[in-house]
Visitor: 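Okay, handing you the structure first.
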Amino acid sequence: MTANAAEATLEEAAVPYRGEQPYGIIDDVIVPGALDLDADERLWVPQSKDVSFRPLILSASQGYFVNILRVRKSGILSRHRHAGPVHAITLKGRWHYLEHEWWAEEGTYAFETPGDIHTLVVPDGVEEMATLFHVTGTYIYVDPDGNPTGIEDVFTKIALARAHYEAVGLGADYVDQFIR
Ligand code: FE
């Protein structure tokens, strides 16, 4: 390659794509400060007195959601079965499942396999646990014998978030920015 040709290739590398994007493409989702646990309290959607979540994406089209779950109590959180895969990155605190030996601690990545039934516990002494969960499909709350007692999925998350954002004055449609 001549010096001139090398220069031309370098120049081309910095040129933005100049064609059209594919027809049908949908909008990006950009959430600034996504891991900021001290962000505007109104963003956190309460699930119960001590448990709330902050949505990052609510994928109605593919049936999954990514959110940060924040728990401010110790003890049993829930027993559930996953119909789909889960990816979990613990940001703060620590937790574990009664059925497994491993612990999720700050910085731990965990893959939860579809079909697994487990009981989440936040140990004594942890004032706040925060974990980024990517949950596909439904998770089913179960009793100790595995009988279903309730479900959670992207649509229950959307419904909770809509009601909360309406109640705190952001408007029910505030949730729309997270839905794809
Ligand atoms: Fe789980």
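Residues: numbered from 1 along the sequence shown. Ligands are counted one by one from 1 in listed order, and the atoms in each one are counted from 1 as well.
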Visitor: Are Ile57 and Tyr64 side-chain neighbours, meaning at least one heavy-atom pair lies under 4.5 Å?
Guide: yes
Visitor: Can you spot which of His96, Glu112, Arg81, Arg79 makes a side chain to side chain donor-acceptor pair (under 3.5 Å) with His118?
Guide: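 That would be Glu112.
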Visitor: Would you check if the distance from the ring center of Trp95 to the ring center of Phe133 is below 6.0 Å?
Guide: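 Here the rings of Phe133 and Trp95 have centres that are less than 6.0 Å from each other.
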Visitor: Just by modelled atom types, is the Ile30 backbone N or O under 3.5 Å from a matching donor or acceptor in the Asp28 side chain?
Guide: no
Visitor: Would you find a donor on one side and an acceptor on the other, under 3.5 Å apart, between the side chain of Asp173 and the backbone of Asp176?
Guide: no
Visitor: Which protein N, O or S atoms does the Fe ion (ligand 1) have within a distance shorter than 2.8 Å?
Guide: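 Protein N/O/S atoms under 2.8 Å of the Fe ion (ligand 1): His80 NE2, His82 NE2, Tyr97 OH, Glu112 OE1, His118 NE2.
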Visitor: Applying the side chain to side chain contact (heavy atoms under 4.5 Å, CB included) criterion to Ile158, which one of Leu160, Thr156, Val154 satisfies it?
Guide: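 Filter result, single survivor: Val154.
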